[in-house]
Protein chains: 2
Amino acid sequence: MMRLTRRQQQIYDILRSDADMMQRPPTYDELCHRLGLSSRGSLHKHIQALVMAGLVEPMAGKQRGIRLVSAEQQEQGIPMLGRIAAGYPIEAVEQTEKISVPDAMAGSKPRYALQVSGDSMIDEGIFDGDYVVIEQSAAADNGDIVVALIDQQETTLKRIEQKPGKIILHPANAAMSPMIYKADQIQIQGILRGLIRYY
Amino acid sequence: MMRLTRRQQQIYDILRSDADMMQRPPTYDELCHRLGLSSRGSLHKHIQALVMAGLVEPMAGKQRGIRLVSAEQQEQGIPMLGRIAAGYPIEAVEQTEKISVPDAMAGSKPRYALQVSGDSMIDEGIFDGDYVVIEQSAAADNGDIVVALIDQQETTLKRIEQKPGKIILHPANAAMSPMIYKADQIQIQGILRGLIRYY
DNA sequence: AGAATAGAGAACAACAGGAGAACAAACAAG
DNA sequence: CTTGTTTGTTCTCCTGTTGTTCTCTATTCT
């Protein structure tokens with residue numbers, strides 16, 4: 001995270017103490033007065049720096065729009081474990097990262113999110129960069145799209161077909177072929193329950 | 001939940017305290033008087049804001065129709081307006097329906113959700129049954145995927161290309177062709193900002 | 001000196017909040 | 001049912017506030 005200057009730290013502290021008191025967010029003029037500033041323009045630059053640092057939500061023109069990115073908000077949601085790309089282990093990101101999902105996507109069983117890398121499921125409408133919500137599970141039904149660990153090494157997102165003794169992983173990309181494994185080569189790590197994409 | 005302004009909070013408090021006292025809902029004129037307003041028009045805007053925030057039920061012309069939405073009913077999320085299918089107007093569903101979306105998908109401008117019907121955007125990974133999050137807007141940049149109203153009649157989800165005097169709507173389906181319209185045939189109703197799919 | 005940092009202040013655009021007219025739907029009285 | 005009043009809705013216009021963007025100046029630090 002970006003390093004804060006003295007002024008930015010000071011502003012952030014004021015915003016935080018205000019938030020604790022459940023007050024409505026201050027206007028620029030109010031903040032200026034409390035800081036001893038006489039120019040909103042100067043303050044604006046500092047606020048922008050805080051937005052860049054991710055400590056404050058961007059306020060698109062709204063009045064009294066200064067909003068802290070509250071600790072609560074950061075804790076809500078499901079853990080974002082990393083990026084999943086066919087052919088590689090899951091590339092972990094910072095443990096603490098979380099992403100917010102629709103309520104209906106937060107089921108009773110533990111779930112986590114992964115960001116998809118690559119086009120192996122493109123025919124199922126799962127694109128590079130999309131977020132997938134995975135329900136932790138060691139078993140799946142045939143036809144489910146699962147996160148599968150292959151030979152204890154690489155992880156991939158594929159549609160699964162389980163036959164006695166063997167497991168077939170179907171990519172959804174006309175340019176790729178299904179892969180056939182022995183049952184003990186594959187460990188199911190979770191089942192796809194939802195997909196989220198931002199434009 | 002959307003943020004309330006001073007006045008809106010004040011009005012909401014009055015409505016709530018009235019409800020506690022089992023009184024019948026006030027008329028606009030009564031409310032105006034208690035608030036020191038002299039224009040019903042001004043009050044109406046505030047009430048509408050409360051409706052949008054999901055704190056008050058929409059009152060379709062009824063007199064003394066201001067009804068609070070009970071705390072349990074106050075689902076957070078964005079309104080789910082209906083299904084959108086190429087070639088038909090938006091098929092409206094119950095006004096009250098809402099769906100929950102990731103926080104990051106609830107922007108500062110008003111947004112709503114539609115359920116996609118049909119395969120016209122399948123090559124973009126937008127499938128039948130998916131939910132799309134639309135930002136209300138009458139203008140869009142070239143290349144944006146928009147909800148477009150054609151000839152005041154049918155509504156569709158397409159990628160837009162605006163040229164002087166004409167507008168081209170590109171489906172994302174190899175089996176369909178782009179459609180060319182005069183600029184005044186098309187009204188942009190919103191821009192695609194997010195996609196949600198359940199498995 | 002030169003670059004980064006802070007601030008002042010003007011000018012602008014977006015927004016909140018209100019006034020009032022005109023209209024239409026709802027209601028009440030005859 | 002008809003009439004007139006109340007009441008909700010829509011519209012345009014106005015005002016002061018507030019966020020944003022500039023340019024210019026001063027300060028600090030290497």
Flag side-chain contact, heavy atom, 4.5 Å: I126(A) against L195(A): yes
Just to be sure I understand the rule, does L37(B) reach a base, reach only the sugar-phosphate, or reach nothing, if contact means heavy atoms closer than 4.0 Å? sugar-phosphate
With a 4.0 Å limit, can you tell me whether H44(B) has a side-chain N or O closer than that to the phosphate oxygens OP1/OP2 of dT9(D)? yes
Length of the NE2-C1' vector between H33(A) and dT17(D), whole Å: 17 Å
Atom CG of L43(A) and atom C1' of dT5(C): how far apart are they, to the nearest Å? 15 Å
Examine the base of dG19(D) for any acceptor or donor lying under 3.5 Å from a partner atom in the side chain of R40(A), and report the outcome as yes or no. yes
Rounded off to whole Å, could you give me the CD-to-C1' distance for the Q48(A) and dT5(C) pair? 16 Å
Using a cut-off of strictly less than 4.0 Å, decide whether H46(B) has a side-chain nitrogen or oxygen near OP1 or OP2 of dG18(C). yes
Whole Å only: how far is the CD1 atom of I11(B) from the C1' atom of dA16(C)? 12 Å
Separation of dT9(D) P from D29(B) CG (nearest whole Å): 13 Å
Got a sec, which residues hit side-chain contact (heavy atoms from CB on, under 4.5 Å) with L37(B), two or more places apart in sequence or on another chain? R7(B), C32(B), L35(B), L43(B)
How long is the line joining CD1 of I47(B) and P of dG17(C), in whole Å? 13 Å
Taking dA8(C), dG19(D), dG8(D) as options, the one with an atom nearest any side-chain atom of T27(B) is dG8(D)
Bend across the helix from dA1(C)-dT30(D) to dG30(C)-dC1(D), to 10°, with axes taken over 5 pairs at each end? 30°
N/O donor-acceptor pair, side chain S42(B) with base dG17(C), under 3.5 angstrom: no
Taking atom P of dC11(D) as reference, at what distance in whole Å does atom NZ of K45(B) sit? 12 Å
Rounding to a whole Å, what distance do you find between Y28(B):OH and dA24(C):C1'? 14 Å
Side-chain donor/acceptor pairs under 3.5 Å, residues 137-144 of chain A, sequence neighbours excluded:
unit_1: S137(A); atom_1: OG; unit_2: A139(A); atom_2: N; d: 3.2
unit_1: S137(A); atom_1: OG; unit_2: A139(A); atom_2: O; d: 2.6
unit_1: N142(A); atom_1: OD1; unit_2: Q162(A); atom_2: N; d: 2.4
unit_1: N142(A); atom_1: ND2; unit_2: Q162(A); atom_2: O; d: 3.3
unit_1: D144(A); atom_1: OD2; unit_2: D141(A); atom_2: N; d: 3.0

Partner set under side-chain contact (heavy atoms from CB on, under 4.5 Å) for I122(B), not counting sequence neighbours: D119(B), F127(B), N173(B)
Return the set of residues passing side-chain hydrogen bond (donor to acceptor under 3.5 Å, both in side chains) with Q136(A) (not counting sequence neighbours), or none when no residue passes. none
Taking side-chain contact (heavy atoms from CB on, under 4.5 Å) as the test, write out the residues that go with D151(A), two or more places apart. Q185(A)
Taking the basic N atoms (NZ, or NE/NH1/NH2) and the acidic carboxylate oxygens, is any pair closer than 4.0 Å for E161(A) and R159(A)? no
When only distance counts, do a donor and an acceptor, one from the side chain of S39(B) and one from the base of dG20(C), lie under 3.5 Å apart? yes
